[in-house]
Asker: 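Let me begin by handing over the structure; questions about it come next.
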Amino acid sequence: MPELPEVETVMRGLKPHIEGAIIHDTVVRHHQLRWPISSTLRDCLYQQRINELTRRGKYLLMRVDAGTLIMHLGMSGSLRIVTHTTPLNRHDHVDIIFSNQKILRYTDPRRFGALVWTVDNPYNHVLLKSQGLEPLELDFTANYLKMRAQHRHIAIKPFIMDSKIVVGIGNIYAAEALFLAGIHPSTPAGLLTELQCQQLVNSIKHVLQSAIKQGGTTVKDFINSDGKPGYFAQQLTVYGRAGLPCIQCQAPLSASKLGQRSTVFCINCQPMIGL
DNA sequence: CAGAATACCTGCGGGC
DNA sequence: TGCCCGCAGGTATTCT
């Protein structure tokens, strides 16, 4: 489900509820997520104070005195603040219960998400240590992209979706950024010009920032921690619009598969250059 | 090493 | 109505 703007939205919504709170109990109803939830998680979190909730790429880091809970929402995960009177649904796999009566509830139908406990520096954890740059940080530049793309034959769309290069960009925002930059999604990464790299970096930053302002994108069922949808879906230009008219030139948008992922683009506004 | 394919899992919509 | 197929916001792992 969530790409960077959705994870950022979840983090911002959760922060005021859980930072400073003390964990009273943890209930794991289904421990088989992407990896099994540690059987000692309840003991690890017992009586711990949440010092900080942060985001790295699409991962959320919940830091307590004893360590850090690394959380990922996969394709269909969500985190919400609920109370003990909130009805329990089929895929509500984990509750973290605070002494202030609030409950942080992890829900994930497809169970592609993860809750991983670590006592070490989370940035050295195998899940995080090879993550690429944060796209909204200043060090994510056209120069960086150009350098990393050199001699790479992979199409630019899966390239910018590779978290070892830059984190947080999934199928929706990759398509949107490429349209905004006027770059064909199949362009071999290494063939991008300096100008195209600059346009792509600008577009990525712009698309992600606008989406965060709108509270993320609700395609199907994304809800933030307060149970509200995101409103960026109204501004999607290509994602989910195959066959519909391009907002710039009115030609029907094309669809293809790239790295097993559906890809929508405009054959006029995103010409293939260099081939 | 790069790049592609596969695996994980449930739910939904479309076609028949 | 009901069954089967393909597809869905992700990414670690396995293959060629």
Side-chain angles (χ1 to χ4, degrees), chain A residues 1-11 29-37 55-60 70-79 89-94 106-116 125-132 135 148-178 185-191 204 207-208 211-212 214-224 229-236 238-243 255-264:
Chain A
M1 171 209 312
E3 305 184 29
L4 185 148
E6 290 75 40
V7 178
E8 178 74 18
T9 298
V10 168
M11 184 199 70
R29 298 184 194 84
H30 198 138
H31 67 261
Q32 196 58 54
L33 302 184
R34 172 176 265 278
W35 299 283
I37 295 176
R55 178 189 61 72
R56 175 72 173 105
K58 296 173 189 167
Y59 291 90
L60 287 170
I70 303 174
M71 305 186 283
H72 197 289
L73 301 177
M75 289 271 257
S76 56
S78 62
L79 282 166
N89 293 308
R90 181 146 131 78
H91 301 294
D92 295 339
H93 304 315
V94 180
Y106 177 81
T107 306
D108 188 0
R110 290 176 75 178
R111 287 187 272 124
F112 286 178
L115 263 57
V116 176
H125 191 277
V126 61
L127 288 174
L128 297 182
K129 69 177 179 196
S130 51
Q131 294 263 295
R148 294 298 302 265
Q150 260 182 346
H151 310 304
R152 296 289 303 268
H153 293 170
I154 189 175
I156 188 61
K157 177 163 174 271
F159 180 76
I160 59 173
M161 291 172 68
D162 180 352
S163 65
K164 291 189 285 303
I165 305 296
V166 54
V167 296
I169 303 169
N171 205 31
I172 294 179
Y173 298 110
E176 293 300 312
L178 286 165
S186 302
T187 312
L191 294 187
I204 287 170
V207 165
L208 295 178
I212 290 171
Q214 301 290 312
T217 299
T218 297
V219 170
K220 188 171 167 266
D221 55 10
F222 168 73
I223 45 168
N224 66 22
Y231 295 100
F232 191 72
Q234 298 162 12
Q235 292 170 44
L236 294 178
V238 285
Y239 180 85
R241 297 194 63 244
S256 70
K257 284 269 183 198
L258 232 34
Q260 320 294 96
R261 311 298 299 275
S262 75
T263 301
V264 184

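Every chain is numbered from 1, with letters handed out A, B, ... down the list of sequences. Only a predicted model underlies this, so the values are computations on that prediction, with no experimental measurement involved. Note that these values count all heavy atoms, side chains included, but never hydrogens, waters or copies made by symmetry.
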Asker: Suppose we screen for salt bridge (Lys or Arg N to Asp or Glu O under 4.0 Å). Which residues come up paired with A:Arg55, at least two apart in sequence or across chains?
Answerer: A:Glu8, A:Glu134

Asker: In terms of side-chain heavy atoms of A:Lys257, which of C:dG10, B:dA5, C:dA8 is nearest?
Answerer: C:dA8

Asker: Got a minute to check which stems DNA chain B is part of, using Watson-Crick or G-U wobble pairs under 3.5 Å, three or more consecutive?
Answerer: B:2-8 with C:10-16, B:10-16 with C:2-8

Asker: Just call it for A:Tyr59: base, sugar-phosphate, or nothing, with non-hydrogen atoms closer than 4.0 Å on any strand.
Answerer: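 Result for A:Tyr59 = sugar-phosphate.
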
Asker: Just by distance, do the side chain of A:Thr263 and the backbone of A:Arg261 share a donor-acceptor pair under 3.5 Å?
Answerer: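 Yes.
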
Asker: Going by side-chain contact (heavy atoms from CB on, under 4.5 Å), A:Tyr173 matches just one of A:Thr217, A:Leu178, A:Ile204. Which one?
Answerer: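 Going through the options one by one, the only one that passes is A:Thr217.
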
Asker: For the P atoms, the ones on B:dC9 and on C:dC3, what distance do you get once it is rounded to whole angstrom?
Answerer: 23 Å

Asker: Sticking with atom P, work out how far B:dG3 lies from C:dG9, rounded to a whole angstrom.
Answerer: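 Taking atom P in both B:dG3 and C:dG9, they lie 22 Å apart.
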
Asker: Of all the choices, B:dA5, B:dG3, C:dT11, which nucleotide is nearest to the side chain of A:Arg152 once you look at every atom?
Answerer: B:dG3

Asker: Could you state the CD1-C1' distance from A:Ile154 to B:dA4, rounded to the nearest angstrom?
Answerer: 9 Å

Asker: So A:Tyr59 and A:His72, would you call those rings parallel, tilted or perpendicular, with 30° and 60° as cut-offs?
Answerer: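 Ring orientation of A:Tyr59 relative to A:His72: perpendicular.
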
Asker: On the nucleotide C:dA8, are OP1 or OP2 found under 4.0 Å from the side-chain N or O atoms that A:Ser76 carries?
Answerer: no

Asker: Does A:Tyr239 reach a base, just sugar-phosphate, or nothing at all? Heavy atoms under 4.0 Å.
Answerer: sugar-phosphate

Asker: Please list, chain by chain and in numerical order, all residues satisfying salt bridge (Lys or Arg N to Asp or Glu O under 4.0 Å) with A:Lys164, sequence neighbours excluded.
Answerer: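 Partners of A:Lys164 by the salt bridge (Lys or Arg N to Asp or Glu O under 4.0 Å) criterion, ordered by chain and then number, come out as A:Asp162.
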
Asker: For A:His153 and B:dA2, is the shortest distance between a side-chain N/O and OP1 or OP2 below 4.0 Å?
Answerer: no

Asker: Which protein N or O atoms sit under 3.5 Å from an N or O of nucleotides 7-10 of chain B?
Answerer:
{"from": "B:dC9", "atom 1": "O4'", "to": "A:Arg110", "atom 2": "O", "distance (Å)": "3.3"}
{"from": "B:dC9", "atom 1": "O3'", "to": "A:Arg111", "atom 2": "NH2", "distance (Å)": "2.8"}
{"from": "B:dC9", "atom 1": "O2", "to": "A:Arg110", "atom 2": "NE", "distance (Å)": "2.9"}
{"from": "B:dT10", "atom 1": "OP1", "to": "A:Arg111", "atom 2": "NH2", "distance (Å)": "2.7"}
{"from": "B:dT10", "atom 1": "O4'", "to": "A:Pro109", "atom 2": "O", "distance (Å)": "3.4"}
{"from": "B:dT10", "atom 1": "O3'", "to": "A:His91", "atom 2": "NE2", "distance (Å)": "3.1"}

Asker: Can you give each donor-acceptor pair under 3.5 Å made by side-chain atoms of residues 109-116 of chain A, sequence neighbours left out, with the distance rounded to 0.1 Å?
Answerer:
{"from": "A:Arg111", "atom 1": "NH1", "to": "A:His30", "atom 2": "NE2", "distance (Å)": "3.3"}
{"from": "A:Arg111", "atom 1": "NH1", "to": "A:Gln32", "atom 2": "O", "distance (Å)": "3.2"}

Asker: Among B:dG3, C:dG10, B:dT6, which nucleotide has an atom closest to any side-chain atom of A:Lys58?
Answerer: C:dG10

Asker: Taking the side chain as C-beta and beyond, is there a heavy-atom pair between A:Val238 and A:Glu176 under 4.5 Å?
Answerer: yes

Asker: Would you say that A:Tyr106 contacts A:Ile37 through its side chain, given a criterion of any heavy-atom pair below 4.5 Å between the two side chains?
Answerer: no

Asker: Can you tell me if the side-chain N/O atoms of A:Arg261 get under 4.0 Å from OP1 or OP2 in C:dA8?
Answerer: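 Answer no for this pair, as no side-chain N or O of A:Arg261 is under 4.0 Å from OP1 or OP2.
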
Asker: Holding to salt bridge (Lys or Arg N to Asp or Glu O under 4.0 Å), I want the full list of residues that pass it with A:Arg29, two or more places apart in sequence or in another chain.
Answerer: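 Expected list: A:Asp95.
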
